[in-house]
Amino acid sequence: MSESRPPNPLRRLGEDIDKARSQADDGGPGGRADITSGGTALGFGLRIGIELIAALCVGVALGLLADHYLGGHWGLIAGFFLGSAAGMMNVFRAVRGMGRGNPPAGGVG
């Protein structure tokens with residue numbers, strides 16, 4: 001039997017972690033340079049716009065359905081405002097999630 005020791009798995013794990021961190025700092029796959037998981041600023045802006053318009057359309061469509069089955073025009077108005085609120089919440093969540101790669105210096109974020 002040889003007296004050479006097997007490679008230390010913790011050392012190899014540490015090297016793998018260091019390599020992944022260096023890729024992340026360089027803006028490689030999954031790096032911090034990407035805006036919300038690998039997109040560009042234009043892509044992020046289009047995503048925000050589409051989420052806002054989609055929520056508004058769904059709210060208006062549900063309002064129109066409510067008007068059709070219940071009568072009146074209050075469903076359309078309520079659907080418009082609920083769709084607008086849902087769209088704003090989606091935009092807020094998306095923008096708030098942008099900075100998750102590097103939390104604020106104050107701690108909780």
Practice problem: Could you pull out all residues at least two apart from Ala86 that satisfy side-chain contact (heavy atoms from CB on, under 4.5 Å)? | Solution: Ala55

Report yes or no: do [X] and [Y] belong to one cluster of Ile/Leu/Val/Met/Phe/Trp/Tyr joined by side chain heavy-atom distances under 4.5 Å?
X: Phe80; Y: Ile77; result: yes
X: Leu82; Y: Met88; result: no
X: Leu56; Y: Trp74; result: yes

Donor-acceptor pairs under 3.5 Å, side chain of residues 58-67 to any protein atom, not counting sequence neighbours: which ones?
residue	atom	partner	partner atom	Å
Asp67	OD1	Gly75	N	2.8
Asp67	OD2	Leu76	N	3.0

Self-check item: Any side-chain heavy-atom pair of Asn90 and Leu52 under 4.5 Å
Solution: no

Quiz item: Quick one: do Glu15 and Arg11 make a salt bridge, cutoff under 4.0 Å?
Solution: no

